[in-house]
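Residue indices begin at 1 and follow the sequence shown. Note that this is a predicted model, so its numbers are computed, not measured.
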Amino acid sequence: MDIVDKRVAALKKASKKLTNVLDLDPLIAELSGSRVVLLGEASHGTHEYYTWRAAISKRLIQEQGFNCIAVEGDWPDFYRVNRYVKHYNKSHNSSVDVLKQFNRWPTWMWANWEIEALVNWLHDHNENLPANNRVGIYG
């Protein structure tokens with residue numbers, strides 16, 4: 001067995017296929033007690049990365065008490081999103097409305113349906129929480 005075959009075998013042994021959010025249980029348990037979790041991706045704009053990153057974020061918020069999502073996005077655009085998810089007065093009427101306001105690079109990276117679903121979830125999650133307990137999202 002050459003070095004490449006050994007590496008492939010080691011990766012197969014250490015990896016776990018993700019098919020549903022319950023497959024994240026070992027990861028969420030490992031992150032228990034963490035104050036900061038950094039989630040990256042191997043490529044921008046790949047649906048699967050956005051979807052799994054959102055699933056991990058939701059579980060960290062619900063189960064571990066995380067209260068902030070910081071992204072590699074422009075501050076003014078994401079501040080409007082933050083105002084929407086926190087139910088601030090004079091905010092936008094819908095997630096689509098607020099995401100249409102993205103006018104800086106990289107629009108396509110954030111104004112997509114995966115982010116819209118996360119923004120809707122945050123908006124719903126925050127709806128009945130006191131203002132000082134609402135989860136924010138910032139660029």
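- Side-chain atoms of R134 never come within 3.5 Å of backbone atoms of V85 as a donor-acceptor pair (strictly under, hydrogens ignored).
- Rounded to the nearest 0.5 angstrom, Y49 OH and E41 CD are separated by 8.0 Å.
- Looking at H125 and V135, their side chains come closer than 4.5 Å, going by heavy atoms from C-beta outward.
- Checking E114 against H47 by side-chain atom types alone, a donor-acceptor pair falls below 3.5 Å.
- In this structure, Y138 and C68 approach most closely via the heavy-atom pair CD1-SG, 3.5 Å.
- The side-chain heavy atoms of S32 and Q64, taken from C-beta on, include a pair separated by under 4.5 Å.
- Counting heavy atoms from C-beta outward, D23 and K17 have side chains that stay 4.5 Å or more apart.
- Between V71 and I69, the closest heavy-atom pair is CG1-CG2, 3.8 Å.
- Here the closest heavy-atom approach between residue K86 and residue G136 is recorded as CE-CA, 3.5 Å.
- Both tests pass for R53 against the ring of Y50: distance under 6.0 Å to the centre and angle within 45° of the axis.
- Here the shortest heavy-atom pairing between I28 and I56 reads CD1-O, 4.3 Å.
- L18 places a side-chain heavy atom less than 4.5 Å from the side chain of L24.
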